[in-house]
Amino acid sequence: MALIVQKYGGTSMGSIERIREVARRVARFAQEGHQLVVVPSAMAGETNRLLGLARSLSADPSPRELDVIASTGEQVSIGLLTVALHQLGLKARSYTGFQVRILTDDAHTKARILSIDDANIRGDLNDGNVVVVAGFQGIDERGNITTLGRGGSDTTGVALAAALKADECQIYTDVDGVYTTDPRIVPEARRLDKVTFEEMLELASLGSKVLQIRSVEFAGKYQVKLRVLSSFTDVGSTDMGTLITFEEEDMEQAIISGIAFNRDEAKISVLGVPDRPGIAYAILSPIAEANIDVDMIIQNASTEGMTDFSFTVHRNEYRRAMDILESKVKPAIKAKGVVGDDRIAKVSLVGIGMRTHAGIASKMFGALAGEGINIQMISTSEIKTSVVVDEKYMELAVRVLHRTFELDKAPTQEKMKP
Ligand code: ASP
Ligand code: MG
C-alpha cells in the first residue's frame, strides 16, 4: 500500500463526464489499497474566465481580490470531484487551501508555499477517506486567500506529497509524458520513461511546458518522486508515463535526454571595447539596473587591446537593452559600436551523460556544420550545450540533432558504456 498524491489538470477536469473519469481512476487506485490525496485544477478555461470577469470591471484589479476570485475555480472542482467519488461508493472529503492550512507568503497571484498543516489530511486518510485538496491556492498569515501563479496546482500537488512524505506524486495531464523534443517539429520524438530533475529543469525552462517549473524545483529539493501521465488513457491503463527521478537511482539513463529550443532571445554585441578591468561590469550593470535578465555572455580574446562583448536578453527587452547601450554604455566606454539581432533561436542539447562523456559538443557542432548551419554563440553547463543560430534554421537544427544523437531510439546498456 502506498500513499499517492494525484494532481489532475484543467482538461482532465474539463466536463462532468471527465470528472467522472477522474473519479473512476481514483477509485481504481483506492481499490488497489492505496491511500490517495487528489488535487484538481479548475475546470478547463475556468481560471481564464474568472480573471476575465475581474478585468471586465477594471483594467487593474487588486491582486488580493483577483485571488479571491480565481481561487473559486478549484473550490468548485474539489466539491464536484468529491461528489463523484461518493457516487462510486468511496469515502471522500474535500478541502480548500485555507481549510487544510496551506500557508503561503502574501505575494498575491504568485505566492509561495511556506508550510502545510497535515493534521486534517492524515486524520481523514486514516479514517479511510480519499482526500481532495484544491490546487493553486493557500492562505497567508493574516488570513488572506492567495494563489500560486498560473499552473500552480502542480506545485500544490508536489508540496502536499513532500509534506505527507508520499510515495509518489502523479501529475495527470493531456500529454502522456515528457518527450525528447517537441513532436510537432520532430514526429519521431520519443517519450522518455525517465528523466532526471536537473534535465527536466533545463527542458522545462527551455520550452517543454509540461509542468510548472516551480513544482519541479520543489520536487528536486524535497526529493519527491514525480510522474507525468495522461488522464486520457483508459482507467485501467498500466502506462506509467514519464518518471522524473534522481540520478543516483538510475544507472541506465541515456547520455542525451532531449533537445530544447526557444525563439525568445535576442543577441547584442558591443564592438571594439578596450580590454581592461571593469569593462564587463560597465556594460552589464546598467542592463541589470534596468532589471533586464541576461542569459549567454561571451567575450573574445583581445587583439591590440580591443575586444568584442556579446550577450543575449529576452526578445521583449531587446529594444530597451539596445537603447541603454547606445545612450549610456557606448559613450562611457568609448566602444566602436553596438549591433544586435533579434531573429535568433537557441537550441540546447540536454543530458546528464555530458558530465562523463567527452566529444558530445564536437559531435553537435559537426552535425550542424553538416547542414551548413552557422553557430553564432555557444554556451555550456555540466548537462547542457546551447547554441544560438539564425531563427530560420531552428527546426532544421533540432531535427538534425535529434537524428545525430539517435533520440528516436530507446537508450540501451551499450550506449551507456563510458
Ligand atoms: N487553475 C489554475 C490555472 O489555470 C491553476 C492550474 O491549473 O494549475 O493556472
Ligand atoms: Mg497545468
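Start at 1 and go down the list; that is how both ligands and their atoms are numbered. These values consider heavy atoms only, across backbone and side chains, with no hydrogens, waters or symmetry-generated copies. Fair warning: this is a prediction, and the values are worked out from it, not measured in the lab.
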Quick one: which residue pairs count as a side chain to side chain donor-acceptor pair (under 3.5 Å) with a foot in residues 284-298, not counting sequence neighbours? Asp295-Lys346
Under 3.5 Å, N or O to N or O, is Lys7 touching ligand 1 that way? no
Rounded to the nearest 0.5 angstrom, the CG-CD distance for Asn126 and Gln35 is 6.0 Å
Only heavy atoms count here, so choose which of Gly73, Ser41, Ala134, Gly157 is nearest to atom 7 (O) of ligand 1. Ser41
Sub-4.0 Å heavy-atom contact, [X] with ligand 1:
X      : value
Gly151 : yes
Glu74  : yes
Gly9   : no

Side-chain donor-acceptor contacts of residues 161-172 below 3.5 Å, not counting sequence neighbours, with atom names and distances?
unit_1: Asp167; atom_1: OD2; unit_2: Leu3; atom_2: N; d: 2.7
unit_1: Glu168; atom_1: OE2; unit_2: Gln170; atom_2: NE2; d: 3.2
unit_1: Glu168; atom_1: OE2; unit_2: Arg227; atom_2: NE; d: 2.8
unit_1: Gln170; atom_1: OE1; unit_2: Gln6; atom_2: NE2; d: 2.9
unit_1: Gln170; atom_1: OE1; unit_2: Tyr172; atom_2: OH; d: 2.9

Which atoms of ligand 1 have any heavy atom of Arg150 under 4.0 Å away? 3 (C), 4 (O), 9 (O)
Report the C-alpha separation of Glu198 and Lys384 in whole Å, then their side-chain angles, then the decisive distance to 0.1 Å, and conclude whether the salt bridge (Lys or Arg N to Asp or Glu O under 4.0 Å) test is met. CA-CA 10 Å; Glu198 291 162 293; Lys384 179 176 76 169; over 6 Å; no
Can a cation-pi geometry be assigned to Arg18 and Phe232, taking NZ or CZ under 6.0 Å from the six-membered ring centre and within 45° of the ring axis? yes
